[in-house]
Amino acid sequence: MGSSRRMLVAAVVAALVAVAWCAVPPVSFKVEKGSEEKKLALQIKYDKEGDSMKEVEVKQGEEWLPLNKCANGVWEIKVDEPLKGPYSIRYETEKGQRNVFDDVVPAEYKIGTTYKPAEP
C-alpha cells in the first residue's frame, strides 16, 4: 500500500513539474509611437528570467512576416502595403519557447496601449 501511495505522489509531482515547465510566461505587446498603416512597432514584455525573444512575426493573410529588433528593444515591421489587423503574433525565444497568439492586437489599436493574450 505504501508503494502505490509513493507512486501516486511521484506521478502528481511529475505532472505539476510538467505543467510548470510548459506554462507560457506572461507576455504583453505594447503598440509604440510610429505605428501606422504600413508600420507596426511593438515593445514586447516577456517575463522569463534568463530568456529573451529571438524571433517575432506577425500574420498577414496566410503569411507570417518577420519583425526586426531595433536598438531600443522595439520590434517593428515596415511594409509597402497597408497592414491589416487584428494582428496575430508568434515568437520564439533564445531558449526555444514558441507560442502563437491569435488576434492579440486589435485592428483599431491605440498607440501606447498594452495588449495581453486572452487566458486559456
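Note that the coordinates shown come from a computational prediction; the quantities given were computed from them, not determined experimentally.
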Using a 4.5 Å cut-off between side-chain heavy atoms of Ile, Leu, Val, Met, Phe, Trp and Tyr, which other residues end up in the same hydrophobic cluster as Val74?
none
Asp51 and Lys95 have their tightest heavy-atom pair at OD1-N, 3.0 Å
How about Ile111 and Tyr109: do any of their side-chain heavy atoms sit closer than 4.5 Å?
yes
Looking at every heavy atom in both Phe29 and Pro117, which two are closest together, and how far apart are they?
CE1-CG, 4.3 Å
The criterion is side-chain contact (heavy atoms from CB on, under 4.5 Å); which residues satisfy it with Asp102, sequence neighbours excluded?
Ser88, Val100
Of all residues at least two apart in sequence or in a different chain, which pass the side chain to side chain donor-acceptor pair (under 3.5 Å) check with Ser35?
none
Taking salt bridge (charged side-chain N to carboxylate O under 4.0 Å, His left out) as the cut-off, I'd like each qualifying pair that reaches into residues 78-89, sequence neighbours left out, listed once.
Glu76-Lys78
All side-chain contact (heavy atoms from CB on, under 4.5 Å) counterparts of Lys110, not counting sequence neighbours
Thr113, Tyr115
So the salt bridge (charged side-chain N to carboxylate O under 4.0 Å, His left out) pairs with at least one residue in residues 52-62 (sequence neighbours excluded) are Lys54-Glu92, Glu57-Arg90
Note, Tyr87 side chain near Val104 side chain (heavy atom, < 4.5 Å):
no
Hits for side-chain contact (heavy atoms from CB on, under 4.5 Å) against Lys116, two or more places apart or cross-chain, chain-then-number order -> Ser28
How many angstroms lie between atom CE of Met53 and atom CD of Gln97, to the nearest 0.5 angstrom?
8.5 Å
Could you measure the distance from the NZ atom of Lys39 to the CD1 atom of Ile77? Nearest 0.5 Å is fine.
12.0 Å
Only pairs at least two apart or in different chains count here, so list each side-chain hydrogen bond (donor to acceptor under 3.5 Å, both in side chains) that has a residue in residues 63-75.
none
dist Lys38:NZ -> Glu36:CD (nearest 0.5 Å) comes out at 8.0 Å
Side chain to side chain contact (heavy atoms under 4.5 Å, CB included), paired with Leu40, selected from Val79, Ile89, Leu83:
Leu83
Looking only at heavy atoms, what is the nearest atom pair of Leu67 and Val58, with distance?
CD1-N, 3.5 Å
Under 4.5 Å between any side-chain heavy atoms of Asn99 and Val27, yes or no?
no
